Amino acid sequence: MEYKFNEIEAKWQKYWAENKTFFAPTDTSKPKYYVLDMFPYPSGAGLHVGHPLGYIASDIYSRYKRLKGFNVLHPMGYDAFGLPAEQYAIQTGQHPRITTMENIDRYRSQLDRIGFSFDWDREVKTCDSDYYKWTQWAFLKMFDSWYNKKTNSAEPIKELVSEFEKRGNLKVEAFCGEVPQFTSEQWQAYSDTQKSDILMQYRIAYLGETSVNWCPELGTVLANDEVKEGVSVRGGFPVEQKKMKQWLLRVSAYAGRLLDDLEELQWSDALKEMQRNWIGRSYGAQMVFKVVNPDPADGSKFDREYDMEIFTTRADTIFGVTFMVVAPESEWVEKLTTESQKQAVEEYLTQAKKKTERERIAETKSVTGVFSGSWAQNPFTGEKVPIWIAEYVLAGYGTGAIMAVPAHDSRDYAFAKKFGLKIVPLIEGCDVSEESFDAKEGIMINSGFLTGMNVKEAIPAAIEEVERRGIGHRTVNYRLRDAIFSRQRYWGEPFPIYYKDDIATAVPESELPLELPDIETFKPTDNGEPPLARAKNWAYQGYPLEKSTMPGFAGSSAYYLRYMDPHNEEALVGREANRYWRNVDLYVGGTEHATGHLIYSRFWNKFLYDLGYVCEKEPFKKLINQGMIQGRSNFVYRIKNTNTFVSNGLKDKYDTTEIHVDINIVYNDRLDIEAFRNWRPEYNNAEFILENGEYICGWAVEKMSKSMFNVVNPDNICSKYGADTLRLYEMFLGPVEMSKPWDTKGIDGVHRFLRKFWKLFYGGGEGTGSFCVTDEEPTPQELKILHKLIHKVETDIENFSFNTSVSAFMVAVNELSALKCNKKKVLVPVIVLLSAFAPHICEELWQLTGHTQSVSFADFPMYYEEYTKEDTFEYPVSFNGKTRFKLSLSKSLSKSGVEKAVLAAPETAKYLAGNSVKKIIVVPGRIINIVM
RNA sequence: GCUCGGGUGGUGAAAUUGGUAUACACGCCGGACUUAAAAUCCUGUGGACAGAAAUGUCCGUACGGGUUCGAUUCCCGUCCCGAGCACCA
C-alpha cells in the first residue's frame, strides 16, 4: 500500500484531539517534566516555516520524555496583547480583540497541522480577563511591597508602615528613591499626601518622574530593551528622552540576585553573557570631593563647602585626577554653575537637550562639554581641579558625576585633549602622549602611598584608605535600570489603580479583573492623553482610574506559572500544582528576548518567590535558543527599459534590474516561465534569454517576508510532503541553535526516507505488496543495527542534537532495507523511537503491527531494556604474536572492527606495546579511550 | 572598541570531545526501467600523481608555528565571518 501521509496525518490528529492524548494531569505519582515554548504573538501574517522550528524540537523532546515515563507538561498559548493589532485598529476601526482572535484561530489551525503534542486544555491568552486578572494581581502585590536590603527580599508594605509608626525610617535599609530621614513623630505628623509620596519611593511598583524613552510616532513610552540605536524596535521610529510621570518596576533591587543566580542555570554562555552585560555589575568605591571655589568673589553661590559624590572602579588612580565631570541632567549642574559661566552653561544645556537619542549616539565620537566655573579639591593631593559638565557622563549611572583620570581612561583622555586639561600618568613606563593606558596592570608611580604597588593591589588599598579617612566607601553599581511599566496605549492590561485626591490607590484584589473597557476609536486623545481617556465612566467609586496600560512584557512574565494551574480562580497558581510542577525544565525560544522577557520573568518570579507564592527562585532551568530560519529569495533580471529577462549566468553581459520573484514559481532555481507570465499582468508577454534551454534565477538569503516573495508556508509543505516530513526536515537542516536559510531542495531526501521506512513493512514493495511483518527472531546483524540506533538517538536527543539523530534513522533504515528486514522485533522499537520525530506515520504503523492503542509508551521500557543492555567483555589485543592487553568491549562490537582499528594505527600499536597499558576502549574502527 | 560564538567538499552539515576526517542528505556524473519525460531504483563523487584495472602514493579541516605515538579537536600568533553590548567611569 502507498504511504498516504495526508490521510494518515488527518486521522491521527483527529484521534489525539478526541482522546486528549496529551492531557497532562497534575499526577504526583509520576515524575514531572515541564517543556515550554515561548508563546507566539499571533501576527496577521500567520506562521511561516521558520516559526515552528523551536516548537518541533521541544515537541520531539516532550514526546521522548513521555516515552521515558515522565508526566510531561507541554502547553501552548498566545501573547495576545500588542502593538500591531492596535495599529491595525487605529487604521480600520476594527476592535483589536477581533483581529487578535482571528489571528489566533489561524495560528491554531497551522499548529494543529504539524502534529504537536500540546495540552490545549491549558491554553492561555494574555488578553483574556481571567488571565490578566493575575497580571493585575501581581502588579498590586508589587505596589504593596518594598525591598528590604537587610533580608534581601521583598516584603509587604504594611510592615514598613508599622515600622515607620514605631521608629520612623532611621533603621530602615531599603532599595528606594530619595527620601528624607524621619522619626515616628514626624511620620505621624505627615499629611496623607506626604505619606503616600514617601511610600511611593519604597514600593516595588511605583510612580516616578523620570527621564523616559518617549516615542512621538507611537505616542507612548518604551522600556530600554524596546529601544535600539535610538529608534523603537517596533516600527523603527525615533525616540527621545523626556521627563514624565510613569509607573516603574524596581527591577534594579534584584540586580545582584539576577546576576548571581545566573550561575546555576543551564543556559548558553552567550545568553548568560548578554544578561551579565545588561545587568552590568561593577565593583568600586563611592567617594566625596569637596567643592571649593578658589575665588568666592567670582559670584560663587556657596556659603558653605559642598560634598560632591562620585563613583569609580579605579580608586587607585585618584592621584591622577585632573578634573571632574557631571552629567548635563544632574541636579549638581545648577549648584555648580557660577555667575560668570552661567551663559555658557545654559547654551550648552539647551543644545544638549535638543538632540534626540539618535543624534547623541551618532555623535558619540565628538567630544562636547562646558566648564561649570566651580572647582573641587582632590582629597588625597589637596589639588584644586575644575568641574566640567559633559554629555559623556550619564545622569542615570552611579552618582551622575565622575573623577576624571585622563591618563588611564580613554573617554577622559579624549576630553582632556580637546579642552587642554592636564594629563598625569600613574603607571610606570606607560606612554600617554597618543592615547590613554586603560589596562588594569603595571606598577604605580606619582601616587603617594600607592607608589610601587601593583594596580591589582592598589585598587583595594586605595579603597581602604578612602574608608579609613571617612570620605567614601566600597560599593557595587549596576547598569540595570528600573523598568518603565506604563504605555500610553489601549490594547494592554489596565492598571488596577485609581486616584483618590491624586493619591494612587489600589483597586481591591477582590474586584479584579479590572476589565479593559470598549472604546470607539483607539487613537490617543487630541490633547495627548492615552486612548483610555476616551472610555466612558473610566473611574472607580467616582475616582478616575489610571489611563495607561501595561507593556507587552507584563502578560508574558508569569505565563509559565499559569499553565501549571490555568483554571484556578483563587490563585495565579495553586500551591499544590506549583509544588508538583515547580518550574520549567526546558525552555525553548529565541535570543531576542535575552534582555527583555527573560530578565522580567526572572524578576517577576523572584518577587513572587520572596512573598512565598512560588517555590522555585528561578523560572527556567534549562534554555535552548533556537536559531532563526531566514528566507531564500529568488531573482530574475530584467534588461533595463525592456520586457526581456536574462538568465542568471548571462546577466553580466547586459544592464539589468534585479527583481524579486515569487519562490513558488521557481523550482531548484529554475523559473517556471509560463507561471511567471501569469504571475503579473505586466509580464504577460515577457521574453527570455535562456541558458541551456532554462531560465536560472539568482538567489540570496534574506529575512522571510511577504515583500520579498520568499515566505514558505508550512501548510503547503504539509500538503505536499506531510507534517512528518516537515518535522524531520526542519531538524535535519542543522543544529536547532543555528540560524540558517530555508531551502526546500533537500526535503525530498527526508521524504524518501519515510517512504523507505514505510516500505519495510510492505515486503519492500510500496504500491504492490501488502502489509507484512514477521515474528522471526532477529539476526545479530539486525540487532546490531537496532542497538546502534537506540544508543545514538538517545544520546543525541539528550544533547538536543536532532539533526544527527535523523541521520542515524536514515542509516539504520538504509541498512535494514538492504537486509530486507521485516521482523517485528526489530521494527517495532524503531517505530517507538521514531514516534517522537514523526508521530503520525509511527502511530499508523504501530496500529498496523497489531497494537490497539495509540503508540503505547508503556511498552517502550521493555524494548529499551532488552536492546540497550551493554554487556561488556574483555577482548585480547596482541602485538608481535603476544597478547599485550585486553580491550573492554560491548556485545554489539565485532572482532573485525577491533583488529582494523589497530591495523589502521601501527604507530599507535607500537607505542602502546611499549607502555604499560591497562585498558583501551574501542568502538568499531576507533580507539576512544586509553587507560594507563 | 569590548565580550561571546564560528571558519571542514559544489551545498546543508557529521566526527562518540585527542583516535581510520568528510557520516547522512542535497546537487552533479553514469546506468536501469520508459517511445519519452517525471517518479523510482542502482553506481560513482575532496584534490594531485601513477596505473589498463583492482589499487597505490602524497597533499588535504582559514593561515603560520607548537605540544603529542597520534590534532578538525589542546596551546601561541595572524586573517576573515556572525551575534551581542557600546560613552556604564
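Being a predicted model, the structure only gives us computed values, none of them experimental.
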* Criterion side chain to side chain contact (heavy atoms under 4.5 Å, CB included) on A:L623 and A:L265, from CA distance to verdict -> CA-CA 8 Å; A:L623 181 79; A:L265 298 177; over 6 Å; no

* **RNA chain B contacts among residues 314-322 of chain A, heavy-atom distance under 4.0 Å** => A:R314

* Name the nucleic acid region contacted by A:R276, choosing base, sugar-phosphate or nothing; use a 4.0 angstrom heavy-atom cut-off, strictly under. => nothing

* So what does A:R481 hit on the nucleic acid, given a heavy-atom distance under 4.0 Å: a base, only sugar-phosphate, or nothing? -> base

Please write out each protein N/O paired with an N/O of nucleotides 2-10 of chain B under 3.5 Å, distance rounded to 0.1 Å.
unit_1, atom_1, unit_2, atom_2, d
B:U3, O2', A:E273, OE2, 3.1

* By salt bridge (Lys or Arg N to Asp or Glu O under 4.0 Å) - contacts of A:K792 (at least two apart) -> A:D796

* Non-hydrogen side-chain atoms of A:F837 and A:I797 separated by less than 4.5 Å -> yes

* To do: Please list every stem that involves RNA chain B, where a stem is a run of 3 or more consecutive Watson-Crick or G-U wobble pairs with both pairing distances under 3.5 Å.
  => B:1-7 with B:79-85, B:10-12 with B:24-26, B:30-32 with B:40-42, B:46-50 with B:55-59, B:62-66 with B:74-78

* Please confirm whether A:R602 makes a cation-pi placement over A:W278, using NZ or CZ under 6.0 Å from the six-membered ring centre and within 45° of the ring normal. => no

* Across the strands shown, which category fits A:D412 at heavy-atom distances under 4.0 angstrom: base, sugar-phosphate, nothing? -> nothing

* So A:L259 and A:R276, side chain to side chain contact (heavy atoms under 4.5 Å, CB included) or not? Walk me through it. -> CA-CA 6 Å; A:L259 197 65; A:R276 281 191 204 108; 3.6 Å; yes

* To do: Select from A:G398 and A:Y729 the residue whose nearest nucleotide in RNA chain B is closer to the 5' end of that strand.
  => A:Y729

Give each protein N/O atom lying under 3.5 Å from an N/O atom of nucleotides 11-14 of chain B, with the pair distance.
unit_1, atom_1, unit_2, atom_2, d
B:G12, O2', A:L733, O, 2.7
B:A13, O3', A:N803, ND2, 3.4
B:A14, OP1, A:N803, ND2, 2.9

* To do: Name every residue in residues 402-410 of chain A that has at least one heavy atom under 4.0 Å from any atom of RNA chain B, in order of residue number, or write none if there are no such residues.
  => A:I402

* To do: Please tell me which of A:R752 and A:Y397 maps to the more 5' nucleotide of RNA chain B, matching each residue to the nucleotide holding its nearest heavy atom.
  => A:R752

* Asked: Is A:N799 near enough to B:U17 that one of its side-chain N or O atoms lies under 4.0 angstrom from OP1 or OP2?
  -> no

* **Ring center gap for A:F415 and A:Y413 short of 6.0 angstrom** => no

* Nucleotide nearest A:T313 when distance is taken to its side chain, options B:A89, B:C24, B:A86 -> B:A89

* Indicate yes or no for a side-chain donor-acceptor contact from A:D412 to the backbone of A:V405 under 3.5 Å, with no hydrogens or angles considered. => yes

* To do: Examine B:A83: is either OP1 or OP2 under 4.0 Å from a nitrogen or oxygen in the side chain of A:T591? Give yes or no.
  => no

